[in-house]
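For ligands, and for the atoms within them, numbers begin at 1 and follow the listed sequence.
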Amino acid sequence: MSRCKIGFVGAGGVALRHARHLTDIPDVDIIAVTDPDGSAACEFAEMTGSLAVPGVDALLDTSVDAVYVCVPPHAHGYIEEQIVAAGVALFVEKPLGIDVRTARRIADLAGENGVLTAVGHHWRYSEAASLVRGMLDDRPIRLAVGSWLDRVPPVTWWIKRTLSGGQIVEQAVHVLDLIRLFVGEVAEVSAYANTTPPNAPGADVDGATAAILRFRSGAVGTVTAACCLAWKHLAGLDLHADDISLTIHEDRLTARTPDGPLHRSLRPDDAKKAADRAFVDAVLGRGAGPAGILVDYPEALRTHELACAITESAVRSQPVRVCG
Ligand SMILES: NC(=O)c1ccc[n+]([C@@H]2O[C@H](COP(=O)([O-])OP(=O)(O)OC[C@H]3O[C@@H](n4cnc5c(N)ncnc54)[C@H](O)[C@@H]3O)[C@@H](O)[C@H]2O)c1
C-alpha cells in the first residue's frame, strides 16, 4: 500500500483536528465521512475534499484502508463492529464507550479479525513520557496524584451521564492512562462523588469526584476531577519516587531532584500529531510499523476498565477491584 485512504465516522471537533493533522502527513488521502448531522458532514467534506456518505456501510464501500471513529461516548459499539468485521484498520477516540461490556466486545472482535487498532490517548506520545522514564531511571513510583479540574466542555452530550459516561470516563481517562503507564496496574479503587451536577441546564453528571487508588506494585495514588469551574484549572499528574517529584501537564514537565529543579515546555499538538503519524505509519507498514502505536485498543481497554471501576465505586460508595 503506497497511500493511506482514510474515512471518518463523526465530523465534530476532534475529527476536524485529526483531519488537519493528517493532511500534514505524506501519502494520506481523507476520502469519505459520515455523520448524522448533515451540516457537520458537509463542512468536514468540504474542508478535506472528501465525500459525505450516508452511513458506515457506505463509508466501507469507498474501500478505505483505515477509519477514524470520532463520535460521542454513547455512540460506540455497532460502528466499530462493522469496521473490524470488514478488516479495516481502526483509530478510535477515547473513551471507548460508556460501559465496559461494549468495549470488551469490540476488543475481542478486533483481536479475532486481526485488525490494527489505535486509540486517541495522545498523552503517551508526549516527549514528557520518555523524559520521565529517563529521570526515574527505574525508581518505582510510590505516590501518584492525578487531577482534572475544569469547566464543562462546549459539546451538548457531555453533561449527560448516559451520553458521556461522566467526567472520569470521558476526560480524566487521559490522566488514568498516564498513571497506568508510569505506575502500572491498579488493584482496587475507592471513590466518592459530589453528585450535585455542574451548573449547566439539564446536567446530571457528578460535579466532582475523588478516588483513592491502590496499585499492584504497592504504590498508592489519588485522582480528583471537577467540572464545576468556569475555567480549566488543572489537568495533570504528579509522580513521587525516591528523591524525585515530577509534574506532567500537556504543555510542560517539571521535576524536582536533589540536583535542583528542571522545567521543560511542551507543545501539546506534537503529541497529538505523533499519535496520528504512528497510526498512518502502521497502516502503511513504514516507520516503526504497529510497534509505533503506543496505545492500541486492548491497552486502552485496561484504562477504560479503570475509569469505569472508579465510576462504579463512586456510585456504590464502595471499593471496587479492578479487572484485567
Ligand atoms: N483525544 C482528545 O484529545 C480528544 C479531544 C476532544 C474530543 N475527544 C473525544 O472525541 C469524541 C468526540 O468529541 P468531539 O469533541 O468531536 O464531539 P462533537 O460533538 O464535536 O462531535 C461528535 C460528532 O459525532 C457525530 N455523531 C454522533 N453519533 C454518530 C454516529 N452514530 N455516527 C456518526 N457520527 C455520529 C455528531 O453528530 C458530531 O458531529 C469524544 O469521545 C471525546 O472525548 C478526544
Side-chain angles (χ1 to χ4, degrees), residues 7-22 32-48 50 52-60 67-83 90-99 102-103 106 118-126 148 150-178 205 225 227 232 235-236 249-251 266-276 278-279 294-295 300 303-304 307:
F8 272 79
V9 181
V14 83
L16 288 164
R17 188 190 84 199
H18 283 297
R20 275 194 300 275
H21 292 165
L22 286 168
V33 59
T34 187
D35 191 309
D37 177 343
S39 64
C42 284
E43 186 193 330
F44 184 97
E46 204 170 299
M47 184 198 120
T48 56
S50 62
V53 297
V56 177
D57 282 342
L59 190 88
L60 293 170
V67 176
Y68 272 67
V69 177
C70 298
V71 299
H74 68 93
H76 290 284
Y78 186 49
I79 294 170
E80 288 92 331
E81 285 172 24
Q82 288 171 281
I83 295 163
L90 175 69
F91 187 112
V92 188
E93 258 311 336
K94 44 58 58 180
L96 302 182
I98 57 170
D99 61 18
T102 306
I106 294 163
V119 178
H121 279 301
H122 61 262
W123 286 46
R124 284 213 199 188
Y125 294 81
S126 164
W148 200 299
D150 207 338
R151 60 187 163 188
V152 168
V155 280
T156 53
W157 45 264
W158 201 91
I159 53 172
K160 290 286 189 193
R161 184 182 285 268
T162 53
L163 301 183
S164 70
Q167 189 180 15
I168 293 285
V169 164
E170 207 284 335
Q171 200 170 50
V173 71
H174 278 303
V175 171
L176 294 174
D177 192 57
L178 268 198
V205 291
C227 54
K232 186 169 188 172
H249 294 118
E250 255 195 304
D251 61 354
L266 304 164
R267 287 185 306 206
D269 264 5
D270 287 353
K272 293 168 185 164
K273 288 177 182 172
D276 286 323
F279 179 62
L294 302 183
V295 189
T303 298
H304 184 59

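In the vicinity of G10, heavy-atom distances shorter than 4.0 Å reach the ligand 1 atoms 24 (O), 33 (C), 34 (N). Proximity to G120 (heavy-atom distance under 4.0 Å) selects the following atoms of ligand 1: 1 (N). Heavy-atom contacts of V9 reach the following atoms of ligand 1: 32 (N), 33 (C) (cutoff under 4.0 Å). Taking a cut-off of under 4.0 Å to the non-hydrogen atoms of C70, the atoms of ligand 1 that pass are 12 (C), 22 (C), 23 (C), 24 (O).
For the pair T34 (side chain) and V53 (backbone), a donor-acceptor distance under 3.5 Å is present. Proximity of a side-chain donor or acceptor of K160 to a complementary backbone N or O of V205 within less than 3.5 Å is not detected. E46 places no side-chain N or O within donor-acceptor distance of the main-chain N or O of E43, the cut-off being under 3.5 Å. A donor-acceptor pair is defined here as one N or O able to donate and one able to accept, closer than 3.5 Å; no such pair exists between the side chain of D35 and the backbone of A40.
Contact annotation: for R17 versus ligand 1, heavy atoms closer than 4.0 Å belong to the side chain alone. With a 4.0 Å heavy-atom cut-off, ligand 1 is reached by the backbone of V71 and by its side chain too. Under 4.0 angstrom from ligand 1, there are no non-hydrogen atoms of P153. If you look at H121 next to ligand 1, there are no close heavy atoms at all, none under 4.0 Å.
Of all protein heavy atoms, the one lying nearest to atom 20 (O) of ligand 1 is G13 N, 3.0 Å. Protein heavy atom in closest approach to atom 3 (O) of ligand 1: H122 CE1, 2.9 Å. Here the protein heavy atom with the shortest distance to atom 35 (C) of ligand 1 is P36 CD, 3.3 Å. Here the heavy atom of the protein found nearest to atom 13 (O) of ligand 1 is W157 CZ2, 3.7 Å. Of the protein's non-hydrogen atoms, the one nearest atom 21 (O) of ligand 1 is G12 CA, 3.2 Å. Closest to atom 9 (C) of ligand 1 among all protein heavy atoms lies K94 O, 3.2 Å.
Here atom 26 (N) of ligand 1 lies nearest to P72 when heavy atoms of P95, P73, A75, P72 are compared. Distances from atom 39 (O) of ligand 1 to the heavy atoms of D37, D35, V14 show the closest one on D35. For atom 1 (N) of ligand 1, the candidate residues are E93, H18, E170, K272; the nearest heavy-atom contact is made by E93.
Of all heavy-atom pairs between D57 and Q82, the closest is OD1-NE2, 3.1 Å.
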- Task: Show your reasoning for whether side-chain contact (heavy atoms from CB on, under 4.5 Å) applies to D150 and C227.
- Result: CA-CA 5 Å; D150 207 338; C227 54; 5.7 Å; no

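Residues passing the side chain to side chain contact (heavy atoms under 4.5 Å, CB included) test with I79, sequence neighbours excluded: V9, V56, V69, V71, I83. Applying the ring-ring contact (aromatic ring centres under 6.0 Å, His included) test to H18 and every residue at least two apart in sequence or in another chain returns Y68, F91.
Between I79 and ligand 1 there is a heavy-atom distance shorter than 4.0 Å.
Between the side chains of E250 and H174, no donor N or O sits under 3.5 Å from an acceptor N or O. For the residue pair Q167 / W148, no side-chain donor-acceptor distance below 3.5 Å is found, with atom types taken as modelled.
With contacts defined as side-chain heavy-atom distances shorter than 4.5 Å, the pair R267/D251 does not qualify.
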